[in-house]
Colleague: 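Take this structure, written in structure tokens, and hold onto it; I'll ask about it next.
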Amino acid sequence: MPELPEVETVVRGLRAPLIGRTITGVWTDWPKVIRPYPPEEFAARVVGQTFRAINRRAKYILCQLDHDILAIHLKMTGRLYVSEAPEAADRWVHFRLALDNGQYLHFSDARRFGRVFLGMRLEEFAPNLGPEPLEDSFTVEVLRERLGKRQRNIKALLLDQSFIAGVGNIYADEALFRAGIHPLRRASNLTEAEIQRLYETIRAALAAGIDYEGASINWYRKPDGTAGKSQEHFFVYHREGQPCARCGQLIVKIRVSQRGTHYCPNCQPEA
DNA sequence: AGAAATACCCGTACGC
DNA sequence: TGCGTACGGGTATTTC
């Protein structure tokens with residue numbers, strides 16, 4: 001469960017069960033999920049602290065405690081959910097917090113790529129994050145200025161979290177399709193009209209993903225067992241060989257920055 | 001020097 | 001059984 005729309009959905013769902021709850025215990029069978037302290041030190045620090053707020057920055061879930069920020073990055077396959085008893089959790093739970101009402105916050109991750117951070121400030125574990133594309137402060141001027149004279153291909157830049165925060169592989173492809181921009185176009189060669197379109201489509205693609213409560217492809221399901229519906233509305237992602245919804249040409253899949261990249265060769269012509 | 005490109009790494013599940 | 005691939009991203013190395 002990666003990508004900003006899923007993370008945003010999780011954040012919203014966790015507020016009700018967590019805010020006001022005090023941590024009474026910590027359990028893990030995989031010390032590497034915890035950063036930067038060893039489990040004993042981590043436990044000594046969080047036990048007794050109460051959840052005050054839950055927010056998101058980039059793809060980090062930020063739990064504001066009394067004195068610290070508990071931050072979770074789900075990476076590719078992480079899940080975060082609250083349940084009554086540990087026995088109700090799935091087989092991939094590698095980290096768990098006990099709460100003062102008898103419930104538990106479970107962090108499950110089949111691939112064990114995800115991490116749980118503890119610190120006073122976000123910058124301690126996530127320096128150099130770019131602007132939030134859905135914030136009012138992210139304007140087309142900001143995007144234009146950041147594109148500047150960058151020579152990288154636009155897909156790689158969209159995936160670069162220090163360039164713009166929170167855009168992952170799915171929504172990078174979707175935003176580029178909506179804007180009619182080929183993923184290998186050089187950032188510095190984009191026209192003013194293309195920059196304007198890309199600004200709008202980054203926000204629109206992310207907003208659509210959030211509206212549909214994220215995507216559920218392959219094995220991924222939301223913690224409650226239901227599936228997000230975003231994948232039913234993809235224009236290009238995971239649609240290689242299928243006709244473009246706009247022109248009928250077949251969607252093509254290539255590799256860019258080690259990632260599967262999908263586009264319509266007719267709607268997104270090469271430079 | 002610095003930006004960009006490339007390679008590799010991390011555990012595991014799944015489809016073919 | 002084996003192999004390629006996966007919604008992420010850090011680090012190291014090489015190239016421009």
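All chains are named by letter (A, B, ...) in the order of the sequence lines, taking the proteins before the strands, and each is independently numbered beginning at 1.
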Colleague: Got a minute to check which stems DNA chain C is part of, using Watson-Crick or G-U wobble pairs under 3.5 Å, three or more consecutive?
Modeller: B:2-10 with C:8-16, B:12-16 with C:2-6
Colleague: Grab the CG-C1' distance between A:Asn169 and C:dG9 for me, whole Å please.
Modeller: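 Taking atom C1' of C:dG9 as the reference, CG of A:Asn169 is at 12 Å.
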Colleague: Taking the chi torsion of B:dG11, is it syn (within 90° of 0) or anti (everything else)?
Modeller: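 Syn conformation for B:dG11.
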Colleague: Should A:Tyr237 be listed as having a side-chain N or O under 4.0 Å from OP1 or OP2 of C:dC7?
Modeller: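 Affirmative; the distance criterion is met.
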Colleague: Check this for me: does any side-chain nitrogen of one of A:Glu132 and A:Arg56 sit under 4.0 Å from a carboxylate oxygen of the other?
Modeller: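 A:Arg56 and A:Glu132: salt-bridged.
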Colleague: How long is the span from the CD1 atom in A:Ile54 to the CG atom in A:Leu18, to the nearest 0.5 Å?
Modeller: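 The CG atom of A:Leu18 is 4.5 Å from CD1 of A:Ile54, to the nearest 0.5 Å.
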Colleague: For the pair A:Phe107 and A:Phe95, name the ring-plane relationship: parallel under 30°, tilted 30 to 60°, perpendicular over 60°.
Modeller: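 Aromatic pair A:Phe107/A:Phe95 classed perpendicular.
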Colleague: Report the distance from atom NE2 of A:His238 to atom C1' of C:dT5, rounded to the nearest whole Å.
Modeller: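 From A:His238 NE2 to C:dT5 C1': 9 Å.
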Colleague: Could you check A:Thr50, A:Asp100, A:Leu97 and say which one makes a side-chain contact (heavy atoms from CB on, under 4.5 Å) with A:Ile23?
Modeller: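 Of the listed options, the one satisfying the test is A:Leu97.
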Colleague: Measure from CH2 on A:Trp92 to P on B:dA13 and round the result to the nearest Å.
Modeller: 6 Å
Colleague: C:dG8 P sits how many Å from A:Arg79 CZ, rounded?
Modeller: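 So the two atoms are 16 Å apart, to the nearest Å.
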Colleague: Treating A:Gln49 as the side-chain partner and A:Asp66 as the backbone partner, does any N or O pair qualify as donor plus acceptor under 3.5 Å?
Modeller: yes
Colleague: Could you write nucleotides 2-10 of chain B as a row of B, S and -, 5' to 3', where a protein heavy atom under 4.0 Å of any base atom gives B, of only sugar-phosphate atoms gives S, and otherwise -?
Modeller: --SS----B
Colleague: For C:dT5 and A:Lys253 - does any side-chain N or O of the residue sit under 4.0 Å from the phosphate oxygens OP1/OP2?
Modeller: no
Colleague: I'd like a table of atom pairs between the protein and nucleotides 13-16 of chain C - only N or O on both sides, under 3.5 Å - with the distance next to each one.
Modeller:
none

Colleague: Taking NE2 from A:His262 and C1' from C:dA6, how many angstroms apart are they, rounded to a whole number?
Modeller: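 Taking NE2 of A:His262 and C1' of C:dA6, I get 11 Å after rounding.
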Colleague: To the nearest Å, how far apart are A:Phe125 CZ and C:dG9 P?
Modeller: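 About 14 Å, once rounded to whole Å.
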Colleague: Which nucleotide wins on minimum distance to the side chain of A:Tyr60, given the candidates C:dG8, C:dA6, C:dG10?
Modeller: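 When the side chain of A:Tyr60 is considered, C:dG10 is the closest of C:dG8, C:dA6, C:dG10.
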Colleague: If the threshold is 4.0 Å, N to carboxylate O, is there a salt bridge linking A:Asp160 and A:Arg152?
Modeller: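 A salt bridge is present here (some side-chain N lies under 4.0 Å from a carboxylate O).
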Colleague: Do A:Glu270 and A:Arg185 meet the salt-bridge criterion of a basic N to acidic O distance under 4.0 Å?
Modeller: no
Colleague: Send over the distance from A:Lys75 NZ to B:dG11 P, rounded to a whole Å.
Modeller: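 Distance check: A:Lys75 NZ to B:dG11 P gives 11 Å.
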Colleague: Does B:dT12 have OP1 or OP2 sitting under 4.0 Å from an N or O in the side chain of A:Arg91?
Modeller: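 The answer is no; no side-chain N or O of A:Arg91 sits under 4.0 Å from OP1 or OP2.
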Colleague: Under the salt bridge (Lys or Arg N to Asp or Glu O under 4.0 Å) criterion, do A:Arg45 and A:Glu41 qualify, and how do the steps go?
Modeller: CA-CA 6 Å; A:Arg45 208 164 142 171; A:Glu41 201 175 324; 5.8 Å; no
Colleague: Measure the acute angle between the ring planes of A:Phe125 and A:Tyr60, then classify it against the limits of 30° and 60° as parallel, tilted or perpendicular.
Modeller: tilted
Colleague: Write down the distance between CZ (A:Arg57) and C1' (C:dG9), rounded to a whole number of angstrom.
Modeller: 16 Å
Colleague: Taking C:dT5 as the reference, what is the distance to B:dA7 when you measure between their P atoms (whole Å, please)?
Modeller: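 So the two P atoms sit 14 Å from each other.
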Colleague: Verify side chain to side chain donor-acceptor pair (under 3.5 Å) between A:Arg203 and A:Tyr199, making sure each step is shown before the conclusion.
Modeller: CA-CA 7 Å; A:Arg203 293 163 64 105; A:Tyr199 169 77; 3.2 Å; yes
Colleague: I'd like to know if A:Arg178 and A:Glu174 make a salt bridge, using a cut-off of under 4.0 Å between side-chain N and carboxylate O.
Modeller: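 Answer for the salt bridge query: no.
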Colleague: Could you report the tightest heavy-atom contact between A:Glu3 and A:Asn169, atom names first, then the distance?
Modeller: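 Shortest heavy-atom separation between A:Glu3 and A:Asn169 comes out as OE2-N, 3.0 Å.
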Colleague: Has A:Arg255 got a side-chain N or O lying under 4.0 Å from the OP1 or OP2 atom of C:dG4?
Modeller: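 Checking A:Arg255 against C:dG4: no side-chain N or O falls below 4.0 Å of OP1 or OP2.
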